[in-house]
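Some notes on the structure that comes next.
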Amino acid sequence: MSIDTATITEAGRLLAAGQLVAFPTETVYGLGGDATNDHAVAAIFAAKGRPTFNPLIVHVARVEQAEDLVVVDPRARRLMARFWPGPLTLVLPRRPGSPVSLLASAGLDTIAIRLPDHAIARALIEAAGRPLAAPSANRSGGVSPTRAEHVDADLAALVLDGGPCRVGVESTVLDLSGDHPALLRPGGIPLEELERELGPLLRTENPTAPKSPGQLESHYAPGLPVRLDAEEPHPGEALLGFGPGAAELNLSPSGDVAEAAANLFAMLRALDRPGFSGIAVRPIPEHGLGLAINDRLRRAAAPRLQPPKHQPPKHQP
Ligand code: AMP
Ligand code: MG
């Protein structure tokens, strides 16, 4: 579907009527629905097969729209001014009378909110005239979509095609609901940049004390097993490279973590095919977007309850 004003207007009308529309953001493609409509939000959970205890991120088109939904204190306002629009999600107290569906926030008294840095996403939110809940547009637990074709392969949804996503990993999730800011998920805004602004952050990615349930289980997983920090592939494995050296595909031959993030999910999908026994991944440094990449890869490699969780796609892109 090509994107013109009439298309955005029509997609906004569908959203306002409670339908779901998948759309591009700078991070990954989202499956959007009216965040104030319980039925639309329930349909998102159902389409993804996502457990309803895992809350959704609410997307807005303007800072003022956020203020109708959550309590924005001076610290949050400063971060919004600095990082929005962009891949930073803030967890803030639900505002009394907030119209956001309780199902979207899994009944918590906080709401995760973000203003995406993508013209189509913002135009669509404006056209819908309401905030949009929009988790990644894939089946829960699988590899996130960074191109419209990935959405088509995973879900039967109307998709606005905005080409490949610029950042390629999900937003950084920062919890501002407590006294001390806490990193809930590394993502598109590097931790170093946030810490320059806020000082050292609490890290609540602790396996023994998850703050939000989506944090820890096997996730982002292709059908094939994933092996990390590989120097060489074992027989039958596809090697996903980083930096110089022979590899089936290379996240970034020059060793650039931002380029690697943008390629990560598309390359995992491309290698997830019969003929390989697994995907071996070269070591990725932990700095900048490397933290988010390694977070996703560790979950992709985590033990699965019923391996393999997903069948590899029948056709490669
Ligand atoms: P996804 O929609 O798959 O990108 O995931 C959204 C992430 O934000 C998940 O890790 C959720 O658990 C987290 N999240 C969403 N809302 C909240 C909230 N109110 N409090 C804490 N974490 C949240
Ligand atoms: Mg997701």
Side-chain angles (χ1 to χ4, degrees), residues 20 22-33 35 41 44-45 47-60 66 69-71 76 87-95 98 100-114 116 121 131-146 150-151 154-155 157 165 167-178 181-189 201-207 209-222 264-265 268-269 292 295-300 309-310:
L20 307 187
F23 61 94
T25 78
E26 80 279 30
T27 59
V28 303
Y29 275 75
L31 180 63
V41 171
I44 294 175
F45 282 103
K48 285 182 58 77
R50 176 165 168 134
T52 50
F53 54 72
N54 191 5
L56 306 179
I57 295 172
V58 174
H59 294 67
V60 294
L69 314 179
V70 291
V71 179
L88 178 66
T89 295
L90 300 176
V91 173
L92 292 166
R94 171 183 280 270
R95 194 189 161 109
S98 175
V100 171
S101 156
L102 280 164
L103 187 56
S105 60
L108 297 169
D109 53 8
T110 54
I111 293 172
I113 195 158
R114 167 170 119 81
L132 300 181
S136 54
N138 57 283
R139 295 283 299 170
S140 184
V143 179
S144 301
T146 56
H150 300 162
V151 181
D154 288 4
L155 300 176
C165 299
V167 176
V169 290
E170 293 81 354
S171 59
T172 302
V173 180
L174 183 69
D175 184 1
L176 291 181
S177 66
L183 181 72
L184 299 184
R185 174 176 76 184
I189 297 287
L201 298 180
L202 292 176
R203 303 280 291 269
T204 42
E205 310 151 86
N206 178 353
K211 162 90 186 190
S212 31
Q215 288 176 334
L216 300 161
E217 65 240 42
S218 162
H219 212 88
Y220 312 105
L264 178 67
F265 291 137
L268 282 176
R269 283 172 179 265
D295 168 79
R296 307 305 185 267
L297 286 172
R298 277 191 288 271
R299 291 171 213 277
K309 200 170 195 171
H310 306 277

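Values in this document were obtained by computation on a predicted structure and should not be read as measured data. Numbering of ligands and ligand atoms starts at 1, following listing order.
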Mind checking side chain to side chain donor-acceptor pair (under 3.5 Å) for Thr172 and listing every partner two or more places apart, or none if nothing turns up?
none

What are the two closest non-hydrogen atoms of Pro181 and Leu176, and how far apart are they?
CB-CD2, 3.8 Å

Where on Thr89 is there a heavy atom closer than 4.0 Å to ligand 1, on the side chain, on the backbone, on both, or on neither?
neither

Would Arg114 and Glu26 count as a salt bridge (charged side-chain N to carboxylate O under 4.0 Å, His left out) here? Give the steps.
CA-CA 12 Å; Arg114 167 170 119 81; Glu26 80 279 30; 2.8 Å; yes

Does any N or O of ligand 1 fall below 3.5 Å from an N or O anywhere on Asn54, backbone included?
yes

How many protein atoms of type N/O/S are positioned less than 2.8 Å from the Mg ion (ligand 2)?
1

Is the contact between Pro55 and ligand 1 made by the side chain, the backbone, both, or neither, using heavy atoms and a 4.0 Å cut-off?
both

Just which atoms of ligand 1 are under 4.0 Å from any heavy atom in Ala112?
15 (C), 16 (N), 17 (C), 19 (N)

Parallel, tilted or perpendicular for Phe265 and Tyr220, by the 30°/60° rule?
parallel

Is any side-chain heavy atom of Leu69 closer than 4.5 Å to one of Arg95?
no

How many angstroms lie between CG in Leu132 and CG in Leu56, if you round to the nearest 0.5 Å?
11.5 Å

Could you pull out, from Arg185, Arg94, His219, Lys48, the option with a heavy atom nearest to atom 4 (O) of ligand 1?
Arg185

For Arg50 and Ile44, what are the C-alpha separation, side-chain angles and deciding distance, and is it a side-chain contact (heavy atoms from CB on, under 4.5 Å)?
CA-CA 8 Å; Arg50 176 165 168 134; Ile44 294 175; over 6 Å; no

List in chain and number order the residues that pass side chain to side chain donor-acceptor pair (under 3.5 Å) with Ser98, two or more places apart in sequence or in another chain; answer none if no residue qualifies.
none

For Arg139 and Ala47, indicate whether the former's side chain and the latter's backbone hold a donor-acceptor pair under 3.5 Å.
yes

Using a strict cut-off of 4.0 Å, indicate which atoms of ligand 1 neighbour a heavy atom of Arg50.
1 (P), 2 (O), 3 (O), 5 (O), 6 (C)

Residues forming a side-chain contact (heavy atoms from CB on, under 4.5 Å) with Asn138, sequence neighbours excluded
Lys48, Ser136, Ser144, Pro145, Asp154, Arg269

Note: Gly32 and Phe23 closest approach over all heavy atoms is CA-CE2, 3.7 Å

Taking only heavy atoms of Leu184 into account, list the atoms of ligand 1 that are under 4.0 Å away from them.
21 (C), 22 (N)

Going by distance only, is there an N or O of Thr110 that falls short of 3.5 Å from an N or O of ligand 1?
yes

Where ligand 1 meets Leu108 - atom numbers and elements under 4.0 angstrom, heavy-atom basis
18 (C), 19 (N), 20 (N)

Out of all atoms in ligand 1, which are within 4.0 Å of some heavy atom of Pro135? Include the element for each.
2 (O)

